[in-house]
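Not measured: the values here are computed from a predicted model. Start at 1 with the first residue, then count along the sequence.
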Amino acid sequence: MAKFIGIVLVLVIVLGFVVPSVFLSSSFAAERATTIAAEPASIAAEVNDFNTWESWTPWNLEYDATMKRTITGEPGAVGHKMAWTGDEGDGVIEITAVTPERTTCSLVFGEQDPVTTSFYFEPTGTGSTNVRWDMSGDFGGMPYERWFGLMMDGMIGADYEKGLANLKAKLEGAAAPAPAGE
């Protein structure tokens, strides 16, 4: 009887996980935005040069002191690439499209499938620019990956907020805001 109850319990757990996942989206998206008192071209120049990312993104040396970066290609051009490796993992980001209004990159973490991350630059007409940073991707048909998609905004959102705040502070000549709780 205990064996039967154990089998039923396992089936209930498995079905409770697998069946709902069929109805979950295989795609995910996360985005954050801010307004920066700078022209779109100056913001794009900062975003489109991976040599400057260490000064404003929350990743790099702040999260992994062992990180080693390799940057290739011409900044601001399709094919400009940054690869990294460190104790916290490895990955590659590469510019795949550049227009005055948007920069799009392919981003790969370790052995995962590529995701897309983009920066959008919308002038306000008052010398400022609305900047939006997003990430989107598709987890495919694997049930456990679809559940992971529900957590992406929460996982990446705070880092995007911090990165945009640092970028804003750098371009506006102000000190970056202290992280929450400090």
Quiz item: Would a distance-only check, ignoring hydrogens and angles, find a side-chain to backbone donor-acceptor pair under 3.5 Å from Thr52 to Glu46?
Solution: yes
Exercise. Mind running side-chain contact (heavy atoms from CB on, under 4.5 Å) on Ile43 and Phe119 for me, showing each step along the way?
Key: CA-CA 10 Å; Ile43 301 167; Phe119 293 86; over 6 Å; no
Practice problem: Mind telling me whether Trp133 and Tyr160 have parallel, tilted or perpendicular rings, with 30° and 60° as the class edges? | Solution: parallel
Exercise. Kindly give the heavy-atom pair with the smallest separation between Thr117 and Asp134, and that separation in Å.
Key: OG1-O, 2.8 Å
Quiz item: Hey, what do you get for CG (Asp90) to CE (Met67), rounding to the nearest 0.5 Å?
Solution: 10.0 Å
Identify every side-chain donor-acceptor pair in residues 72-81 under 3.5 Å, counting partners at least two apart or on other chains, and give the distances.
unit_1: His80; atom_1: ND1; unit_2: Thr72; atom_2: O; d: 3.0
unit_1: His80; atom_1: ND1; unit_2: Gly73; atom_2: O; d: 3.2
unit_1: His80; atom_1: NE2; unit_2: Phe50; atom_2: N; d: 3.0

Quiz item: What distance do Asp49 atom CG and Thr103 atom OG1 have between them, rounded to the nearest 0.5 Å?
Solution: 11.5 Å
Quiz prompt | Nearest heavy atoms of Gly127 and Glu39, plus distance in Å | solution = CA-OE2, 3.3 Å
Practice problem: Find the distance between CG (Asn51) and CE (Met82) and round it off to the nearest 0.5 Å. | Solution: 9.0 Å
Practice problem: First locate atom CG of Leu167, then atom CD of Glu172, and finally report the distance between them rounded to the nearest 0.5 Å. | Solution: 9.0 Å
Self-check item: Path from Met135 to Tyr120 over hydrophobic side-chain contacts below 4.5 Å
Solution: no
Quiz item: Hey, is the main chain of Pro123 close enough, under 3.5 Å, to the side chain of Thr129 for a donor-acceptor pair?
Solution: no
Exercise. Give, for atom OG1 of Thr57 and atom CG of Asp159, the distance between the pair rounded to the nearest 0.5 Å.
Key: 9.5 Å
Self-check item: Distance-minimising heavy-atom pair for Phe121 and Pro100
Solution: CD1-O, 3.7 Å
Self-check item: Cluster link Val98 to Val92, ILVMFWY, side chain under 4.5 Å
Solution: no
Self-check item: Over all atoms of both residues, closest heavy-atom pair of Pro114 and Ser106
Solution: CB-OG, 3.8 Å
Self-check item: Main-chain N/O of Asn130 paired with Glu122 side-chain donor or acceptor, under 3.5 Å
Solution: no
Self-check item: From CD1 (Ile93) to CD1 (Ile71), nearest 0.5 Å
Solution: 11.0 Å
Quiz item: For Thr34 and Arg32, does a side-chain donor sit closer than 3.5 Å to a side-chain acceptor?
Solution: no
Quiz item: Do Leu107 and Trp53 share a hydrophobic cluster (ILVMFWY, side-chain heavy atoms under 4.5 Å, transitive)?
Solution: yes
